[in-house]
Peer 1: 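Right, I'll just put the structure down here and ask away after.
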Amino acid sequence: MTQSIAIKIDGVSKRYGRNVLAVDHAKFDIKEGEFFTLLGPSGCGKTTLMRMIAGFETLTEGTIEICGQDMHGVPPNKRPVNMVFQSYAVFPHMTVAENLAYGLQIDKLGKSEIEKRVKDGLEMVRMSQFSDRRPNQLSGGQRQRVALARALIKRPKVLLLDEPMSALDAKLREEMQVELVTLQHEVGITFVVVTHDQQEALSMSDRVAVIEGGVVRQIATPSELYEHPKSKFVADFIGKMTTFPGKHRGDTNAGSKIEIPHFGEFQCREIVTDSPDLVVGIRPEKIEVRRREPEGDVIKMRGKVKNIMYCGGENHVYVDVDGHEIVAYLQNETRGFHEKFQVGDDVWSYWELNDVVVLDH
Amino acid sequence: MRTFSSKRIGKSKVIEPLAYTKRSVIKLVIFVNLLFLYLPLLVLIAFSFNDSKRNIVWRGFTFKYYEKTLKNDQLMEALTNSLQVALLATFFATILGTMLGLALQRFRFPGKGPVDAWAHMPIMIPEVCMGVSLLAFFALVKIPLGLFTITASHIAFCIPFVAIVVRARAATIDPAMEEASYDLGASRIMTFWRITLPQLAPGIIAGALLAFTVSLDDFVITFFTGGPGSTTFPIQVYSMIKFSVTPEINAASTMLIVLTSIVIAVGLVLHAKTSEKDSEL
Amino acid sequence: MQNWRDEKNEFSILMLPPAFWLVTFFTLPLVVVWVYSFGNRGPLGETNLGFTLVNYVRAFELVHMAILWKTVWITIIVTALCFAFGFPMAMAISFAPGKWKLRLLMLVILPFWTNLLIRTYAWIAILRPRGILNGGLKWIHDTWYSLIGYGVEEIPKFVPWEILYNDKAVVIGLVYVHIPFMILPIYATMEKLDKSFLEASLDLGSSQMRTIFRVMMPLCMTGIVSGAMLVFVLTLGNFIVADVLGGTNSLMIGNQIARQFGAARDWPFGAALSFVILYATFILLWLRSIYAARLEQRDAKR
Amino acid sequence: MLNKPNHGVSRRTFLQGTAAVGVSVSVGSKPAWAQEDIVNVYNWPTYIGETTIETFEETTGTRVRYDLFASNEELIGKLSAGNPGYDVVVASDYAVDLLRKQDLLLPLNYDLIPNGDHLEEGFRNPVFDPGRIYSLPHAISTIGTGFRKSEISREDASSWGIYFDNAILSGKKSLYDGSRLTMGIALQFLGYSVNTVEEKEIHEARDLLIAANEGILTFAPDSGQDLLAAGTVHAALEWSGDILQVMLEDDDLDFAVPKEGGLAWGDHWAVPTGAPHPENAMKWINHVWDPRVQAEIQNTIRYGTANAAAKEFINPDDVNSPVVYPPAEVWGKTEPIIDVGHANRLYDDAWTVIRSS
């Protein structure tokens with residue numbers, strides 16, 4: 001599918017004062033119609049980046065183009081993007097309908113046109129019956145819908161959402177995630193979302209940019225990000241991962257030879273780095289634990305069960321291997337084969353060679 | 001270390017939308033406002049160096065009015081009286097106003113609306129009316145006029161200023177702080193001293209500054225409530241209208257400006273310290 | 001908010017001392033003057049107590065109502081100007097970077113620590129025909145004509161701007177005296193304003209101006225209202241500015257009241273005039289409390 | 001120098017006062033200063049000689065506490081509410097009249113004021129205090145027109161008419177912000193008494209002033225001399241002494257008493273009822289009436305004296321100045337302002353109309 005570019009971020013940096021570098025040479029494109037997420041821990045610069053797209057922050061260097069147009073010097077009110085604020089910023093002195101109409105009145109639309117669009121907007125977010133309410137008479141979720149509708153009926157090229165779910169409780173959050181994705185499919189507008197919640201990022205996005213310390217670490221689809229994280233930071237930030245420091249011991253026909261000190265050597269099919277120092281990681285759900293020594297072409301380690309956490313659908317088993325902690329998520333099956341462990345049990349933990357991820361140090 | 005490329009050079013400088021102080025319109029507003037506020041002060045300071053008995057025409061530079069002012073016992077006594085009244089009134093009005101502000105903020109009680117409006121009346125009433133009422137009242141109950149009656153009256157009209165500010169500040173305090181203190185075993189009094197008061201501090205300081213300001217410059221009420229030996233600086237100034245204001249008054253005012261600037265600066269430093277503490281919390 | 005019954009002791013400790021002080025040194029004295037307002041002026045200017053409404057009747061005579069009307073007009077203009085200059089100044093302070101905020105605030109407060117009368121007198125030196133303002137204007141006038149004046153036979157004589165001893169001067173003086181009372185409350189509310197409301201407005205396509213008028217001002221309304229109230233009430237009672245800077249017809253209601261307690265020595269009438277103003281102020285306060293209650297209701301309704 | 005801070009207690013008064021402390025702190029009793037050997041003087045600022053207080057303290061051993069007020073009405077207001085402790089005050093003609101009529105003044109004890117004999121004949125029996133029972137003059141002056149010689153001739157300035165002809169010095173004239181004085185000149189111009197109680201005459205004066213408003217710059221709060229000196233106005237209704245002070249700095253200024261009469265003005269020493277130290281007050285009046293002390297006062301404040309014996313010690317320039325001591329024929333035509341009782345309201349209403357139209 002060939003998609004044109006909605007936002008082109010080219011060498012963008014943001015410096016506060018002398019020493020704080022909030023965004024460091026960000027360079028990537030966001031495609032039209034994409035659900036794009038900026039993911040990272042708080043203070044990583046993701047919000048700054050979004051605010052630069054919206055026009056609230058100036059760029060120290062670099063350019064931002066929206067739909068092929070350089071945004072340098074274009075004030076926020078002249079940009080073809082709209083934003084849903086973290087606090088929603090639904091004007092408290094206006095009714096819901098007035099809030100929606102506020103942005104349209106500037107476009108010099110006819111009164112009936114505004115009314116129609118406000119009505120459609122309210123229907124879109126299923127808020128029609130609240131049109132005369134004041135924001136302080138609404139719940140957080142309802143306010144978010146108002147903010148969303150208010151931005152969407154401006155029909156922006158890109159919708160920016162700053163931590164859209166942070167003010168909602170867990171259950172509502174899940175509902176809204178589904179709704180947001182559905183909505184995005186309906187309207188076909190590019191969504192850019194800022195979040196620190198990796199679960200949210202994975203479940204909603206087409207692509208995710210992981211940012212750390214102002215630097216974009218990796219941009220990929222959710223599954224790629226999960227299965228093939230490029231760095232230890234990304235791997236750790238997205239899901240849980242057991243890691244070992246490793247050494248690159250040369251290549252053979254079968255692949256690269258990698259040594260994990262104290263645990264031995266194994267073959268790895270592809271290698272991602274030239275550096276001799278590596279990190280070898282393995283996702284917990286890929287690890288199997290049993291009492292008998294496993295057979296076949298697997299990586300196996302002998303250890304002691306240190307801790308078991310019951311988590312409903314699965315058990316998290318912490319195995320101590322010579323002072324190294326390995327975490328395994330075991331399905332909590334009630335049918336078929338399963339073993340029950342107790343703390344202190346001697347066990348083998350093992351995993352397929354294919355499941356190993358080799359990361360940048 | 002990455003060096004920044006000069007890509008941006010050549011492009012116009014962009015101002016962030018809410019960085020209003022960087023906008024030339026707002027800079028102009030600040031300039032015009034400050035000019036407006038300070039031009040008269042500059043004029044009066046300039047005339048304090050004017051070698052003429054009156055503040056009309058420039059006749060050359062002199063320091064003699066500063067000398068005269070410092071030697072003018074009457075003027076110095078008036079300044080001392082003013083400062084004494086203002087400091088005492090500020091002290092007590094700050095305590096009482098803080099109490100009132102807290103009571104109005106914390107409690108629900110019958111007739112609160114009228115009480116609330118009543119507590120603000122001293123600001124709203126014409127000063128002459130309040131002055132005359134106090135004069136008549138003190139005469140009626142036979143309290144001799146003097147610094148005591150002046151101070152008592154100043155306290156009365158300073159209380160609302162403090163109460164308004166403290167109340168606003170008190171509204172922003174999280175009640176959980178006090179609850180936590182009780183939970184940790186602190187007594188009411190200890191909680192008040194160690195928890196409530198430090199959090200109220202910026203409001204109390206601001207209220208005290210306001211009270212000091214209005215007390216220091218009050219003429220009408222001071223006049224009607226004063227007796228022998230209680231002439232204050234504003235009374236001195238107003239009495240001079242009959243024979244035109246002399247540069248000595250300008251010199252005294254200039255010294256007062258310098259003095260009060262120092263007090264304000266100290267206040268600001270204190271305030272900055274407390275707010276630093278706030279942000280640390 | 002606690003009910004006073006639950007914490008009777010604490011409530012009494014907090015409420016009684018200030019209440020005692022205000023009753024003793026404000027309310028009781030005021031009752032005395034209130035009684036005066038029903039009294040009579042004796043032939044020597046002494047006050048004879050009694051009960052008559054003549055003072056109130058006189059206060060509502062056309063001539064006094066005309067003065068009140070004019071005073072209210074000037075007060076409205078002064079309040080509007082204080083707002084026009086004070087609001088952007090409050091904005092400037094509120095949006096200034098950290099340490100500048102305090103410095104600007106200090107700069108706004110500082111002139112207040114100087115005697116009001118002296119500051120007002122200083123305006124004479126600025127506004128008079130040969131004063132600083134006209135000096136500046138003359139300089140501009142002269143420079144202008146010396147620049148373009150080649151060939152012009154007669155350079156027009158500079159005519160000083162007559163801005164002293166008239167209502168313009170009174171308005172300038174009153175704005176000068178009261179502008180901080182507008183700036184400070186607006187600043188206080190603006191400080192608490194969530195800036196994302198402004199960003200949201202800009203983001204929705206509003207211009208800066210529309211954002212300020214449609215979003216910032218409504219959201220700062222409590223500060224604007226208290227600032228306007230303070231300026232309005234204080235201007236209404238002021239008499240010094242009109243005395244010093246006013247022209248022949250500059251009489252304001254404050255002067256009128258002050259004169260009754262002064263030169264006219266008619267305390268009962270002065271008291272009646274004061275109470276007419278006071279009742280008007282009460283109504284203003286009452287309107288504001290209704291407004292505040294409505295806001296509270298709006299915020300509380302859920 | 002003169003005024004020790006009032007809250008400080010000298011050793012002498014401390015010793016005297018210790019015994020009385022128990023009494024003096026209780027509410028209602030006279031405060032401590034009432035028992036001191038002191039005289040509480042109530043006057044305008046800069047309205048006394050530079051050494052007057054010092055010499056009094058030296059010769060009598062009595063301490064002086066000097067307080068200030070801004071207008072006669074404030075003085076009257078305070079005294080009628082109950083004298084808060086002043087021993088001797090300065091009041092203008094009509095104020096003496098009012099205070100006397102309200103029993104707010106004590107008769108002077110001339111046994112203690114031998115210097116009172118120096119009072120000139122012409123001042124012995126004023127309307128506001130017949131027989132000089134309650135007051136002795138502090139300073140006397142006339143009210144006339146201060147003017148700029150280069151802008152208006154002496155002849156023109158010597159008539160109240162300049163204030164009522166809008167063609168003369170339009171917008172360059174100032175009157176005084178006081179109803180009785182400014183209406184007084186209008187009444188005098190019309191040929192009536194400045195103390196008239198006739199409604200018709202008062203209304204006539206009112207209408208004259210309303211018509212004149214056009215040409216008048218402002219009704220100045222006793223700052224006409226400043227306006228004159230700054231060149232803002234070229235004719236100002238003012239007290240002779242005020243104009244004399246600016247004449248010192250500007251040769252182009254002069255003072256004229258109008259041919260219609262001008263107003264006589266005097267401020268007088270008096271002792272209010274309830275004075276805690278009436279004897280000290282008499283001593284004080286006697287002191288300021290000492291010819292040399294009186295001369296020192298007038299040489300400082302540059303007003304006229306009614307003390308015949310003092311004139312030989314006064315600056316000859318002033319004694320010979322027609323501004324300070326107008327010729328007898330001028331003086332004879334002047335009229336003092338006295339209280340007019342209920343007619344005050346007529347003046348006040350008229351003034352309200354003048355100042356708002």
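The chains referred to below are lettered A, B, ... by the order of the sequence lines, with proteins before strands, and numbering in each begins at 1.
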Peer 1: For chain C, which of D:L209, D:T232, D:L175, D:L99 has the most heavy-atom pairs under 4.5 Å?
Peer 2: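 Winner by heavy-atom pair count: D:T232.
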Peer 1: Give me each pair satisfying salt bridge (Lys or Arg N to Asp or Glu O under 4.0 Å) with a member in residues 68-83 of chain D, each pair once, sequence neighbours excluded.
Peer 2: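 The answer is C:R265-D:E73.
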Peer 1: Are D:D250 and D:R148 ion-paired here, with the side-chain N under 4.0 Å from a carboxylate O?
Peer 2: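 Salt bridge between D:D250 and D:R148, a charged N being under 4.0 Å from a carboxylate O: yes.
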Peer 1: Look at D:D97 together with D:K101 and state whether they make a salt bridge at an N to O cut-off of under 4.0 Å.
Peer 2: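 Salt bridge between D:D97 and D:K101, a charged N being under 4.0 Å from a carboxylate O: yes.
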Peer 1: Non-hydrogen atoms of chain D under 4.5 Å away: do they reach the side chain of C:Q260, the backbone, both or neither?
Peer 2: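 Just the side chain, heavy atoms under 4.5 Å.
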Peer 1: Do D:D267 and D:Y47 come close enough that some side-chain heavy atom pair is under 4.5 Å?
Peer 2: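 Of all side-chain heavy-atom pairs linking D:Y47 with D:D267, at least one is under 4.5 Å.
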Peer 1: Under 4.0 Å between a side-chain nitrogen and a carboxylate oxygen: does that hold for D:D177 and D:R355?
Peer 2: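 Salt bridge: yes.
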Peer 1: How about C:F112 and C:F181: are their ring centres within less than 6.0 Å of each other?
Peer 2: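 Between C:F112 and C:F181, the centre distance is under 6.0 Å.
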Peer 1: Please state whether the side chain, the backbone, both or neither of C:R41 comes within less than 4.5 Å of a heavy atom of chain D.
Peer 2: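 Interface part for C:R41: both.
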Peer 1: So what's closer than 4.5 Å to chain C heavy atoms on D:S80: side chain, backbone, both or neither?
Peer 2: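 Contact with chain C involves no heavy atom of D:S80 at all.
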Peer 1: For D:S179, is it the side chain, the backbone, both, or neither that has a heavy atom closer than 4.5 Å to a heavy atom of chain C?
Peer 2: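 Nothing of D:S179, per the 4.5 Å heavy-atom cut-off to chain C.
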Peer 1: Which residues in residues 167-174 of chain C have a heavy atom less than 4.5 Å from any heavy atom of chain D?
Peer 2: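 Under the 4.5 Å heavy-atom cut-off, nothing qualifies.
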Peer 1: Against chain D, work out which of C:T248, C:N166, C:D266 has the most heavy-atom pairs shorter than 4.5 Å and name it.
Peer 2: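 Ranked by heavy-atom pairs under 4.5 Å with chain D, first place is C:T248.
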Peer 1: Tell me, side chain or backbone of D:I354 under 4.5 Å from chain C's heavy atoms, or both, or neither?
Peer 2: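 The answer is the backbone of D:I354.
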Peer 1: In terms of heavy-atom proximity below 4.5 Å to chain D, should C:I67 be classed as side chain, backbone, both, or neither?
Peer 2: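 Answer is side chain: those atoms of C:I67 sit under 4.5 Å from chain D.
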Peer 1: Picking from D:D349, D:L217, D:I216, which has the most non-hydrogen pairs under 4.5 angstrom with chain C?
Peer 2: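 Looking at each option in turn, the highest pair count goes to D:L217.
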Peer 1: Return the CG to CD1 distance between C:L251 and C:I253, rounded to the nearest 0.5 Å.
Peer 2: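 Answer rounded to 0.5 Å: 8.0 Å.
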Peer 1: Using a 3.5 Å cut-off and no angle test, enumerate the donor-acceptor pairs between side-chain atoms of residues 239-247 of chain C and protein atoms at least two apart in sequence or in another chain.
Peer 2:
from, atom 1, to, atom 2, distance (Å)
C:D243, OD1, C:N255, ND2, 3.0

Peer 1: Pick one of side chain, backbone, both or neither for D:D339, based on which atoms fall under 4.5 Å of a heavy atom in chain C.
Peer 2: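 Side chain only.
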Peer 1: Is D:D348 in contact with chain C via its backbone, its side chain, both, or neither, using a 4.5 Å heavy-atom distance?
Peer 2: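 Both backbone and side chain of D:D348 come within 4.5 Å of chain C.
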Peer 1: Just by distance, do the side chain of D:Y347 and the backbone of C:A264 share a donor-acceptor pair under 3.5 Å?
Peer 2: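 No, because the side chain of D:Y347 does not come within donor-acceptor range (under 3.5 Å) of the backbone of C:A264.
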Peer 1: Tell me which pairs pass salt bridge (Lys or Arg N to Asp or Glu O under 4.0 Å) where either residue lies in residues 19-37 of chain C, with sequence neighbours left out.
Peer 2: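 Sorted pair list comes back empty.
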Peer 1: Taking the six-membered ring for Trp and the single ring otherwise, decide whether the centroids of D:Y66 and D:Y42 are under 6.0 Å apart.
Peer 2: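 No, too far apart.
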